[in-house]
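Single-structure report; data block below.
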Amino acid sequence: MAGRGDRESPPVPRHLVVGHISKPHGTRGEVFVWPLTDRPAGVYSPGHQLMLGTTEGELPPDATVLEVQSTRPFKRGLLVKFQGIEGRTEAERLAQRYLLAPLESLEPLEEGELFYHQLLGLEVVTAEGEVVGRVREVFDTEPTHLLEVRAADGKTHLIPFAEQIVRKIDLAAGRLTVKPPPGLLEL
């Protein structure tokens with residue numbers, strides 16, 4: 001892509017992981033899902049179609065399309081019933097698999113929001129212009145997410161994805177500017 005320097009842009013995915021089916025729940029075909037989206041109400045609304053991925057989160061070429069029949073909150077996740085999954089035996093075949101949604105079926109992002117895959121490959125520089133490395137991974141941790149940044153010398157930095165540290169994200173330029181606290185980059 002133009003304007004992104006010499007970095008290799010990761011391919012833009014056509015589907016995003018939006019949940020993980022943990023296990024069957026009860027005997028009527030419901031499954032317990034850990035939602036992996038900030039907008040579960042839209043993704044798991046009745047009639048919404050999701051793709052059944054592998055246990056590694058990949059989308060097989062012959063992926064099964066699952067249509068949400070009903071959803072209800074349960075503990076820290078959701079109990080989801082899919083059309084055509086009528087009993088526990090059928091639900092057990094879905095266990096430990098990921099759910100993916102076509103990118104175009106997801107609600108548009110608000111101003112200032114982005115998908116984490118858009119951060120991958122960005123060049124990370126300090127506010128003073130020092131190159132730190134490139135974003136290799138985003139970890140969903142508490143209390144804040146972490147960016148794994150790999151330097152040219154192979155050293156890896158874990159940088160909190162927090163407003164007080166990440167000062168600017170310029171997707172068009174392929175750059176993320178940080179103001180790390182003293183000592184963070186020496187760890």
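- Rounding to the nearest 0.5 Å gives a distance of 5.0 Å between CD of Glu107 and CZ of Arg39.
- In this structure, CG on Asp140 lies 10.0 Å from CG on Leu146, to the nearest 0.5 angstrom.
- Summarising the geometry of Gly77 relative to Pro35, their closest heavy-atom pair is CA-CD, 4.0 Å, with the distance given to 0.1 Å.
- In this structure, the side chain of Ser45 does not engage the main chain of His48 through any donor-acceptor pair within 3.5 Å.
- Criterion: ILVMFWY side-chain heavy atoms under 4.5 Å apart, direct or through other members. Under it, Met51 and Leu78 are not part of a common hydrophobic cluster.
- Thr71 places a side-chain N or O within 3.5 Å of a backbone atom of Tyr44 that can act as its donor or acceptor partner.
- In this structure, Val178 is a member of the same hydrophobic cluster as Tyr116, with clusters built from ILVMFWY side-chain heavy atoms closer than 4.5 Å.
- Here the CD atom belonging to Glu186 is positioned 8.5 Å from the NE2 atom belonging to His157, to the nearest 0.5 angstrom.
- Hydrophobic clustering (ILVMFWY, side-chain heavy atoms < 4.5 Å, transitive): Val125 and Val166 are in distinct clusters.
- Scanning both residues, Ala91 and Val31, for their nearest heavy atoms gives CB-CG1, 3.8 Å.
- Ion pairing between a basic and an acidic side chain is recognised when a charged N comes within 4.0 Å of a carboxylate O; Arg72 and Glu30 show such pairing.
- At a threshold of 4.5 Å between side-chain heavy atoms, the hydrophobic network of Ile, Leu, Val, Met, Phe, Trp and Tyr places Leu185 and Leu147 in one connected group.
- Using a distance-only test at 3.5 Å, with no hydrogens or angles considered, a donor-acceptor pair links the side chain of Gln96 to the main chain of Ser22.
- Between Thr144 and Phe161 the shortest heavy-atom distance is OG1-O, 3.0 Å.
- Minimum heavy-atom separation, His20 to Leu36: N-CD1, 4.2 Å.
- The side-chain contact (heavy atoms from CB on, under 4.5 Å) check on Glu148 picks up Arg136, Glu137, Phe139, Arg150, Thr156, Leu158, with sequence neighbours excluded.
- Annotation for Arg167: atom CZ counts as buried by contact number, over 12 foreign heavy atoms lying within 6.0 Å.
- Considering only heavy atoms from C-beta on, Val65 stays 4.5 Å or farther from Gln83 through its side chain.
- Dense packing is recorded around CD of Glu113, with more than 12 heavy atoms of other residues, nucleotides or ligands lying under 6.0 Å away.
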Margin query: Using the rule given for side chain to side chain contact (heavy atoms under 4.5 Å, CB included), can you reason through Leu122 versus Leu171, listing the C-alpha separation, both sets of side-chain angles and the distance that settles it, and then say yes or no?
Written below: CA-CA 8 Å; Leu122 292 182; Leu171 294 177; 4.0 Å; yes
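- We find that Lys179 and Glu128 are joined by a salt bridge, their nearest charged nitrogen and carboxylate oxygen being less than 4.0 Å apart.
- For the pair Arg97 and Leu94, the tightest heavy-atom approach, listed with the atom from each and the gap, is CG-O, 3.1 Å.
- With a 4.5 Å cut-off on side-chain heavy atoms, Ile159 and Val132 count as touching.
- For the atom pair Thr177 OG1 and Ile169 CD1, the distance stands at 9.5 Å (nearest 0.5 Å).
- Across every non-hydrogen atom of Gly53 and Leu100, the tightest pair is CA-CD1, 3.6 Å.
- With rounding to the nearest 0.5 angstrom, the CG atom of Leu16 is 6.0 Å from the NE2 atom of His117.
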Next item on the list: Would you sort out whether Tyr98 and Thr55 count as a side chain to side chain contact (heavy atoms under 4.5 Å, CB included), showing the intermediate values?
Entry: CA-CA 6 Å; Tyr98 284 89; Thr55 57; 5.7 Å; no
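- Transitive grouping of hydrophobic side chains (ILVMFWY, heavy atoms separated by less than 4.5 Å) brings Leu106 and Leu50 into a common cluster.
- Considering only heavy atoms from C-beta on, Phe82 comes within 4.5 Å of Val68 through its side chain.
- Two residues are said to be in side-chain contact when any heavy atoms from C-beta on lie closer than 4.5 Å; Pro40 and Thr37 meet this criterion.
- Between the OG1 atom of Thr89 and the CZ atom of Arg93 there is a distance of 7.0 Å, given to the nearest 0.5 Å.
- Trp34 belongs to a hydrophobic cluster with Phe32, Phe74, Leu79, counting contacts under 4.5 Å between side-chain heavy atoms of Ile, Leu, Val, Met, Phe, Trp and Tyr, direct or through other members.
- Side chains of Ser70 and Val80 form no contact here, defined as non-hydrogen atoms less than 4.5 Å apart.
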